[in-house]
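Working notes for the structure below.
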Amino acid sequence: MISPPLLQLFAIFAFGSCGSFSGETAATVTCKETETETNLISVPFGYPFRLYRQRYEMPGCADIEKRIMHLNGDFSAPAEFFVTIGVFAFLYSMFALVIYLRFHEQYTQIRRVPIVDLCVTGVFTFLWLVAASAWGKGLMDVKLATHPISLLSPMPVCQLEKATCSTGTTPYFGLANISVVSESHVTLTRENSLHSLYTMNI
């Protein structure tokens, strides 16, 4: 049973949109003693989402000196796991497609081959579900950690009201959302393929 070509397409969208993602979060800080000067704080980030490495500078206001701060969190584990499983799932799908097309007669005659294919597909389906669930949760945490409010809340100048702090650019997670949507299509297609393989072998 040949897996639909859309399986490979959805897999590419899933790990490609996650692995190539980059975004930016921003906020503005205006010291109350010099309200004519507004400091723009812009922090870029992206895959693999080791946010704690992303630095930004808090401006000094009144008796509070400027300092270097960092975003919070490390979400590289679910992101890299998701991308890795996606890459291997795609490669196996391409390999299986070649086997189905090039050696279809041998595939149907040798009973052990479809059983092995069934087992491998089942393993990939399980791993994909685990990876997708982990990345879905990780993506939600990334959205919270990169919201402009997360830049302002740890700043002493904002906590002690030494400055007027305002949120700026909110990160756009369109591509990252595509990865989560695509994984659901890949999972559904894999489950259908798994069911077809099971039906063929009983």
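Under the salt bridge (charged side-chain N to carboxylate O under 4.0 Å, His left out) criterion, K137 pairs with D141, sequence neighbours left out. Remark: F49 pairs with F21, W135 by the ring-ring contact (aromatic ring centres under 6.0 Å, His included) rule, at least two apart or across chains.
Atom-to-atom distance recorded for L71:CG and Y56:OH is 6.0 Å, nearest 0.5 angstrom. Here F126 contributes atom CZ and I85 contributes atom CD1; the two are 10.5 Å apart, rounded to the nearest 0.5 Å. The structure places CE of M69 at 9.0 Å from CD1 of I41, a figure rounded to the nearest 0.5 Å.
Of all heavy-atom pairs between R55 and V43, the closest is O-CG1, 4.2 Å. Closest approach of P148 to T25, counting heavy atoms only: N-OG1, 3.5 Å. Among all heavy-atom pairs drawn from A163 and V29, the shortest one is CB-CG1, 3.6 Å. Scanning both residues, M58 and P156, for their nearest heavy atoms gives SD-CD, 3.3 Å. Between P171 and F45, the shortest heavy-atom distance links the atoms CB-CZ, 3.8 Å.
Checked by atom type and distance alone, the side chain of S133 pairs as donor or acceptor with a backbone atom of L129 at under 3.5 Å.
Applying the 6.0 Å contact sphere to OH of Y52 captures more than 12 heavy atoms from other residues, nucleotides or ligands.
Residue V120 is grouped with residue F88 when hydrophobic side chains (ILVMFWY) are merged at heavy-atom distances under 4.5 angstrom, including chains of intermediate members. Linking Ile, Leu, Val, Met, Phe, Trp and Tyr residues whenever their side-chain heavy atoms come within less than 4.5 Å places V130 and W128 in a single cluster. Hydrophobic clustering (ILVMFWY, side-chain heavy atoms < 4.5 Å, transitive): F95 and V98 are in distinct clusters. Hydrophobic clustering, with ILVMFWY side chains joined whenever heavy atoms are under 4.5 angstrom apart, keeps I149 apart from F75. Linking ILVMFWY residues whenever their side-chain heavy atoms come closer than 4.5 Å, directly or via other members, places L160 and M155 in the same cluster.
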Checklist entry - K143 and L139: side chain to side chain contact (heavy atoms under 4.5 Å, CB included), yes or no, with the steps? => result CA-CA 6 Å; K143 290 180 179 180; L139 179 58; 4.0 Å; yes
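Using a 4.5 Å heavy-atom cutoff, the side chains of F173 and T146 are in contact.
Pairs passing the disulfide (SG to SG under 2.5 Å) check and including a residue from residues 54-88, sequence neighbours excluded, read C31-C61. Pairs passing the side chain to side chain donor-acceptor pair (under 3.5 Å) check and including a residue from residues 155-167, sequence neighbours excluded, do not occur. Residue pairs meeting the side chain to side chain donor-acceptor pair (under 3.5 Å) criterion with at least one member in residues 65-88, sequence neighbours excluded, are R50-E80, D74-S76. Applying the disulfide (SG to SG under 2.5 Å) definition to pairs two or more places apart or across chains, those involving residues 134-172 are C158-C165.
Residues E24 and S42 have side chains that bring a donor and an acceptor to within less than 3.5 angstrom of each other.
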